[in-house]
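What you see is a predicted model, and the numbers here were worked out from it, not measured in a lab.
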Amino acid sequence: MIAIIGASGMLGQALCREAQRTGVSYLAVDRKLVDLERFERLRKIIDEIDVKLIYNCAANINITQCELDPSATEVINCWLPKFLSEYCDVRGCKLVHISSDHFYDSGGRQAHKETESMTLFNNYARQKYEAELLIMAHSASSLILRTSILGYRADGTSLVDWILRQLKQNAVIHGFHDAYTSAFDVATLSNFLLEKKITRLSGVYNICASEVYSKKELIDKIIEKLGLGILSKSVSAKGLKPTRALSCGLNCEKIIAATSIDLPSLSDVIENLNVREEYEKI
């Protein structure tokens, strides 16, 4: 049985759906079940099941909030992963922790390997990296996946939700031409997360789309898929506050070599997001 921590988030929900679809028994752990900051209560809940894998999908990704109140956000971003790694070490189960791609800034469109030097511009990046160090210090068998995902949230606050809403309203839409990512769709990641060839790994691995692209290129690709015949306006992400990394592409050669998985291109990601169907719902 698996436990999914942060089951109400975009990835957590997708992972629950994938587990249900594939017949994997799971425990969905979110704030409706337990306050994720109450570690001892969380321990008792997980103790009630025969857990083999714990997926930590919980994170506070609000960069501004991490800057304004780091002592509050580090509870979920740092101390929860530490607790889960310690728990897995004692219990003999495995932790799969979802990390970030906010660790790099040089190279523009460059795809960064796991071993490259980092630039931690803000508290969010520092907290996510500290979580990696805490996990590896307590459980060498843990798997840390650096990634970035695209999808939809129930409250309509995801990047793709915003893009489709702007297009539906015929609003001028601005895209960052100098902010690079290799984010891929949450459905593909949730599918990979349940594969044994992934979960048998330990250590730090990148997993994302097969190409690096700018936020503007993402928007224009969605516009093309919808057949709208317009272009986004090009703007720079430099000067955004809080300061953040702009070269977030990831090199996935390590995980491909270990598992032979096929990672999606940007066109595949757009297809998997079903943007036309979601656009028509607005």
Side-chain angles (χ1 to χ4, degrees), residues 10-11 56-57 59-67 70 73-74 77-78 81 96-137 142-151 158-159 175-186 188-189 192 198 201-219 221 234-258 261 263-266 269:
M10 185 164 66
L11 176 56
N56 182 31
C57 305
N60 190 322
I61 62 173
N62 188 316
I63 294 178
T64 299
Q65 189 176 354
C66 289
E67 290 300 301
T73 58
E74 69 182 5
N77 288 343
C78 297
V96 179
H97 172 73
I98 307 303
S99 189
S100 177
D101 62 347
H102 277 242
F103 300 142
Y104 315 100
D105 190 57
S106 62
R109 198 184 291 272
Q110 178 181 348
H112 301 271
K113 294 183 178 181
E114 294 85 348
T115 53
E116 292 185 27
S117 60
M118 298 180 179
T119 303
L120 306 179
F121 279 110
N122 51 55
N123 285 330
Y124 170 72
R126 283 187 284 271
Q127 289 173 2
K128 293 298 287 185
Y129 182 56
E130 182 175 0
E132 292 188 6
L133 298 178
L134 290 168
I135 290 168
M136 297 310 295
S142 293
L143 171 61
I144 297 170
L145 294 173
R146 293 179 182 165
T147 190
S148 180
I149 53 174
L150 297 168
S158 76
L159 173 61
F176 296 130
H177 63 83
D178 53 1
Y180 293 95
T181 183
S182 47
F184 69 152
D185 58 287
V186 67
T188 296
L189 177 57
F192 284 148
I198 299 289
L201 300 174
S202 299
V204 179
Y205 287 82
N206 294 335
I207 185 168
C208 57
S210 62
E211 58 187 295
V212 180
Y213 54 89
S214 70
K215 299 294 180 66
K216 184 180 187 304
E217 289 168 332
L218 169 65
I219 294 171
K221 203 74 172 179
S234 180
V235 294
S236 175
K238 294 178 180 178
L240 286 177
K241 298 296 182 181
T243 305
R244 62 204 67 196
L246 300 182
S247 180
C248 296
L250 299 177
N251 181 309
C252 296
E253 292 176 357
K254 180 181 176 182
I255 200 166
I256 291 172
I261 59 173
L263 294 170
S265 65
L266 175 56
V269 170

Check for a donor-acceptor pair, side chain of [X] on one end and backbone N or O of [Y] on the other, with a separation under 3.5 Å.
X	Y	result
Gln127	Pro70	yes
Gln110	Gly249	no
Asn206	Cys252	no
Asp105	Leu246	yes
Ser182	Val212	no
Lys254	Val204	yes
Ser99	Ile144	no

Can you find a heavy atom in the side chain of [X] that is under 4.5 Å from one in the side chain of [Y]?
X	Y	answer
Thr73	Asn123	no
Leu150	Leu218	yes
His97	Lys128	yes
Leu263	Phe192	yes
Phe103	Thr119	no

Say you draw a straight line from [atom1] of [X] to [atom2] of [Y]; how long is it, rounded to the nearest 0.5 Å?
X	Y	atom1	atom2	value
His102	Asn122	NE2	CG	7.5 Å
Cys208	Asp185	SG	CG	12.0 Å
Tyr180	Lys215	OH	NZ	12.0 Å
Thr115	Asn251	OG1	CG	9.0 Å
Ser265	Glu211	OG	CD	5.5 Å
Glu130	Asn77	CD	CG	10.0 Å

Passing option when Arg146 is tested against Glu116, Glu114, Glu132 for salt bridge (charged side-chain N to carboxylate O under 4.0 Å, His left out) = Glu132
Do you know the tightest heavy-atom contact between [X] and [Y]?
X	Y	value
Arg109	Ser214	NH1-N, 4.4 Å
Arg126	Glu67	NH2-OE2, 4.2 Å
Ser142	Met136	O-SD, 4.4 Å
Tyr205	Ala258	CE2-CB, 4.3 Å
Val235	Asp178	O-OD1, 4.1 Å
Ser247	Gly107	OG-C, 3.9 Å

Ile61 atom CD1, neighbour heavy-atom count above 12 within 6.0 Å =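 Atom CD1 in Ile61 is not packed in, count stays at 12 or less.
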More than 12 heavy atoms of other residues, nucleotides or ligands under 6.0 Å from OH of Tyr129: is that the case?
-> no
Taking ring pair (Phe, Tyr, Trp, His ring centres under 6.0 Å) as the test, write out the residues that go with Tyr104, two or more places apart.
-> His112
From the options Asn60, Asn62, Ile63, Thr64, select the one residue that forms a side-chain contact (heavy atoms from CB on, under 4.5 Å) with Tyr124.
->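 Only match with Tyr124 under side-chain contact (heavy atoms from CB on, under 4.5 Å): Ile63.
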Test applied, side-chain contact (heavy atoms from CB on, under 4.5 Å); reference residue, Phe184; option that passes from Thr181, Thr188, Val186 |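 Per the side-chain contact (heavy atoms from CB on, under 4.5 Å) rule, the option paired with Phe184 is Thr188, out of Thr181, Thr188, Val186.
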